[in-house]
Protein chains: 2
Amino acid sequence: MAATAHFSTKDRILGAAEELFAQFGFTGTSLRQVTSRASVNIAAVNYHFGSKENLVNEVFRRRMDDMSAQRLAALKTALEQCPGELEPILAAFVEPALALAQDKHGGGAFVRVVARAYAEKNDSLRKFLSDHYGHVLREFAKAIAAAVPGLSKEELYWRLDFLAGALTYAMADFGLIKRPAGVTEAAHRERAARELILFAAAGFKS
Amino acid sequence: MAATAHFSTKDRILGAAEELFAQFGFTGTSLRQVTSRASVNIAAVNYHFGSKENLVNEVFRRRMDDMSAQRLAALKTALEQCPGELEPILAAFVEPALALAQDKHGGGAFVRVVARAYAEKNDSLRKFLSDHYGHVLREFAKAIAAAVPGLSKEELYWRLDFLAGALTYAMADFGLIKRPAGVTEAAHRERAARELILFAAAGFKS
DNA sequence: GTCTATAGAAGGATAGAC
DNA sequence: GTCTATCCTTCTATAGAC
């Protein structure tokens, strides 16, 4: 917490790992690549993180803690200010993720790391995410259930999965939609959020 | 094409590789795992495929060609038998992917291979996909545009992206929904297809 | 076409000096 | 906390017998 622009060894490792994981995947990235990009010694990873697996988890924790807090805060606001409305709940879920994706301070790569996480079938990571962030999804499930009465629990969870998939895919820029030259990235993301909320709201209500 | 239940060494390698790639990823799978599962010698891979990278390409192409053909055939049938209806078009897009996902004959995990391929920020792979399979997406875009009049081209492509994302995510089994013990895999997949088509149809029509 | 054997490179992880 | 040096494993790929 010092008033310095200096990044610690630990932070440099996390940043380098995030970028490389996004580009090459978890198994496709060696610790040697990570430490080389971070300009630290190969031994530093095991000193600070203990193992490669734990480094993967920490890369996630760094971004997810923040995003989860933002989602829950936005959800609280939505429920207070627009009780019974679905769209504000979906916005509380979607917008923090998209904000992270356009964050110049490194968040962009993280989005692709998330996409990696489900493309690779990393069970230990999956368990880590479920253990640490499952409660966020459950909060949203509760809120959506209240806003869309008559939806069975099963249908609700299916649709939450679809929303998460569409969000991840859109964030990672996988699809057909490329940002036009005349549009700022912020405007593009806002458009994405608007379109996705509209699409998903209709889906949840169907 | 002989009338024999015998699989060649080459086919056994392809089948084993596909299953393992889906489970552990391209980089997470070693050729030793592949040849061990295929009950062939380690040297056979390089004899038949030249390199690991080329094996990856062949695995991918084999399934992708097949799925694309099925999608287009199903689309043709849908347009002939249910002109003007959206749901059959979506089914033609979703079901071949799901059918492949439950195919025990090696296709079982292919969809995760596709998910992985998308997650690669690999431009040459992307170009390959776009060059070889882009026309399939364009056919579906045309059909959906006709079934949902008044949708702008931009909105249409956004929603196609959301559909592809939701499909990929659901296929990768990453989400909340786990197949219950008492439900067969086939029934689970059918449920997924039904839910997704319903969800997406509402989204496209919104 | 399929095997054994192995070359040669790269991986994760650790010991121990500083 | 950070370094050098190294251990041990695993990898892809190939050479050469059959």
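Chain identifiers are assigned alphabetically (A, B, ...) following the order of the sequence lines, protein sequences preceding nucleic acid strands; residue numbering begins at 1 within each chain. Remember, it's a predicted structure, so these values are computed and weren't measured experimentally. Both backbone and side-chain heavy atoms feed into the values below; hydrogens, waters and symmetry mates do not.
In this structure, CD1 of A:I42 is placed 12 Å from C1' of D:dA5, rounded to the nearest angstrom. Per the geometry, CD1 belonging to A:I13 stands 13 Å off P belonging to C:dG12, to the nearest Å. What separates CG of B:L55 from P of D:dA13 is a distance of 10 Å, to the nearest Å. For the pair B:N46 CG and D:dA13 C1', the interatomic distance rounds to 5 Å; values are reported in whole Å. A straight line from CZ of B:F24 to P of C:dG11 spans 21 Å, rounded to a whole angstrom. If you take CZ of B:F49 and P of D:dT14, they are 15 Å apart, rounded to a whole angstrom. For A:R32 and D:dT4, the CZ to P distance is 13 Å, given to the nearest whole Å. Between B:H48 atom NE2 and D:dT14 atom P there is a gap of 15 Å when expressed in whole angstrom units.
Within the 4.0 angstrom heavy-atom criterion, only backbone atoms of the sugar-phosphate kind lie near A:T29; the bases stay farther away. When heavy atoms are screened at a 4.0 angstrom cut-off, B:S39 is found touching no nucleic acid atom at all.
Under 4.0 angstrom from either OP1 or OP2 of D:dT2 there lies at least one side-chain N or O belonging to A:T9. Using a 4.0 Å cut-off, some side-chain N or O of B:Y47 falls inside it from OP1 or OP2 of C:dG1.
Side-chain contact of A:Q70 with A:D66: a donor-acceptor pair under 3.5 Å is present, judged by distance alone.
Put simply, the side chain of B:R37 reaches to within 4.5 Å of the side chain of B:E19, judged on heavy atoms. The shortest side-chain heavy-atom distance between A:L196 and A:L163 falls under the 4.5 Å cut-off. In this structure, the side chains of A:F128 and A:H132 come closer than 4.5 Å at one or more pairs of heavy atoms.
Residue A:S51 has its side chain nearest to C:dA13 when only C:dG12, C:dA13, D:dA13 are considered. With C:dA13, C:dC3, D:dT2 as the choices, the nucleotide that has an atom nearest any side-chain atom of B:N41 turns out to be C:dC3. Checking D:dA13, C:dA13, D:dC3 against the side-chain heavy atoms of A:A43 singles out D:dC3 as nearest. Considering only side-chain atoms of B:S30, the nucleotide from C:dG1, D:dC11, C:dA5 that sits closest is D:dC11.
Remark: B:T29 OG1 to B:Q23 CD distance equals 8.0 Å, nearest 0.5 Å.
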